[in-house]
Amino acid sequence: NQFEEDFAARIGTESAAALSSGTAALHLALLLHGVGRDDTVLVPTFTFAATANAVTYVGATPEFVDCDATSWCLDPDLLAEVLKEKAATGALPSAVISVDLYGQCPDYDRLNHVCSEYGVPLIADAAESLGGTYKGNPTGTSTRLSVFSFNGNKIMTTSGGGMLVGSAADMTRARYLASQARQPHIHYEHSEIGFNYRLSNLLAAVGVGQLSRLDELVAARKDNFDFYTEHLGAQDGIDMMPVAPWGTPNYWLTLIVLDAEACTPNELVGALGSANI
């Protein structure tokens, strides 16, 4: 309970539900939006497989929309084109999932505007962006439901875990589904299918401690980004990942783009490996 309360207070959302993974949170978010069998959900082309995998858990089909060069996240212009085409044929998706990639978020005002125009709910996969901001507000607060991850490699970790955030009513429903949908009776009674998705108290205690250090952890990643930018940013054939003007990333990972004519990613990985890096 404390982890959920501290987390909700930290990002400024009404409520939060601590779960076993970010993928579990995505699954529940889709269920809360009523996405089901034979539906379609639009997801970015550039993301970890879990974003699309969760869509299949509810029997829906993921369809892919490309990302923009400004943020490497879901492109609002391309999304508008796709939704316009689908509206013309009466085949609108049941939801759109955006992904805050490598600690940076897309332009949520534009994405929300496009989705609202067609009445399609937008879910934020903010698994990688905790501690970042969008137009001065914490990431994960621009949509009805947002998802975070505390996997071992994330900006803060509970070794494994996730968080779904949103309204108190939505989170009450999420906790119910995540606790095997057990009815509040003395005996075991279940009237619908539930899931074993609740985070353990032991891992939640780790989360409380990690959350208290979030600013420190983000600052350390920013130092890494600045170091690499200083030493690599001026090198020919290397471009640093852009920082979009509408927010501040949490600098979860530092990314570079290589000129493949000078050096491919695999060649660089091989050279670093040979140097025991």
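Every value quoted in this text rests on a predicted model; they were computed, and no experiment measured them.
Annotation: the span from Asp66 atom CG to Leu79 atom CG amounts to 12.0 Å, rounded to 0.5 Å. Once rounded to the nearest 0.5 Å, the distance linking CG of Leu164 with CD of Glu4 reads 10.0 Å.
With a 4.5 Å cut-off on side-chain heavy atoms, Phe46 and Phe64 do not count as touching. Counting only heavy atoms from C-beta outward, the side chains of Leu214 and Gln210 never approach each other to under 4.5 Å.
In terms of modelled atom types and a separation under 3.5 Å, the side chain of Gln104 and the main chain of Pro242 share a donor-acceptor contact. Between the side chain of Thr139 and the main chain of Ser129, a donor-acceptor pair closer than 3.5 Å is present. Using a distance-only test at 3.5 Å, with no hydrogens or angles considered, a donor-acceptor pair links the side chain of Asn250 to the main chain of Glu128. Side-chain atoms of Asp68 come within 3.5 Å of backbone atoms of Ser71 as a donor-acceptor pair (strictly under, hydrogens ignored). At distances below 3.5 Å, not a single donor-acceptor pair connects side-chain atoms of Glu63 with backbone N or O atoms of Thr40. No donor-acceptor pair closer than 3.5 Å links the side chain of Arg221 to the backbone N or O of Ile155. Using modelled atom types, one side-chain atom of His190 and one backbone atom of Gln180 make a donor-acceptor pair closer than 3.5 Å.
A donor and an acceptor atom, one from each side chain of Thr51 and Asp125, are located under 3.5 Å apart. Judged purely by distance below 3.5 Å, without hydrogens or angles, the side chains of Asp107 and Tyr134 pair a donor atom with an acceptor atom. A donor-acceptor contact under 3.5 angstrom links the side chains of Ser98 and Tyr108, judged on distance only. Using a 3.5 Å distance cut-off with no hydrogens or angles, the side chains of Arg175 and Ser15 do pair a donor with an acceptor. For the residue pair Thr254 and Asn224, no side-chain donor N or O sits within less than 3.5 Å of a side-chain acceptor on the partner.
Here ring-ring contact (aromatic ring centres under 6.0 Å, His included) pairs that include residues 165-186, with residues two or more places apart or in two chains, are His185-His187.
Val208 and Leu217 end up in the same hydrophobic cluster when Ile, Leu, Val, Met, Phe, Trp and Tyr side chains are linked at under 4.5 Å. The hydrophobic cluster containing Val58 does not contain Val120, counting ILVMFWY residues as joined when their side-chain heavy atoms lie under 4.5 angstrom apart, directly or transitively. Put simply, Met156 and Val218 are part of the same group of oily side chains (I, L, V, M, F, W, Y) that touch within less than 4.5 Å, one to the next.
Val43 and Ala52 make their closest contact through CG2-CB, 4.5 Å (heavy atoms, listed as atom of the first residue, atom of the second, distance). Taking all atoms of both residues into account, the shortest heavy-atom contact from Gly36 to Ala60 is O-CB, 3.6 Å. Considering every non-hydrogen atom in both Gly166 and Leu145, the closest pair reads CA-CD2, 4.4 Å. Among all heavy-atom pairs drawn from Leu203 and Ser159, the shortest one is CD2-OG, 3.8 Å. Closest of all the heavy-atom pairs between Leu92 and Leu83 is CD2-O, 3.6 Å.
The local environment of CG in Asn201 is sparse, with at most 12 non-hydrogen atoms from other residues, nucleotides or ligands closer than 6.0 Å. Around the CG atom of Asp77, the shell of radius 6.0 Å holds more than 12 heavy atoms that belong to other residues, nucleotides or ligands. Crowding of Phe195 atom CZ: a count of heavy atoms from other residues, nucleotides or ligands under 6.0 Å exceeding 12.
For Tyr228 and Tyr251, the ring centers sit 6.0 Å or farther from each other. Taking the six-membered ring for Trp, Phe150 and Phe7 have ring centres closer than 6.0 Å.
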Item to check | Verdict with supporting geometry, Thr13 and Thr141, side-chain hydrogen bond (donor to acceptor under 3.5 Å, both in side chains) | outcome: CA-CA 7 Å; Thr13 192; Thr141 56; over 6 Å; no

Checklist entry - Given the rule in the salt bridge (charged side-chain N to carboxylate O under 4.0 Å, His left out) test, do Arg10 and Asp6 qualify, once you have shown the distances and angles that lead to the verdict? => result CA-CA 6 Å; Arg10 166 70 199 221; Asp6 289 356; over 6 Å; no

Next on the checklist: Apply side chain to side chain contact (heavy atoms under 4.5 Å, CB included) to residues Val257 and Trp72 and explain how you reach the verdict.
Outcome noted: CA-CA 12 Å; Val257 178; Trp72 295 5; 3.5 Å; yes

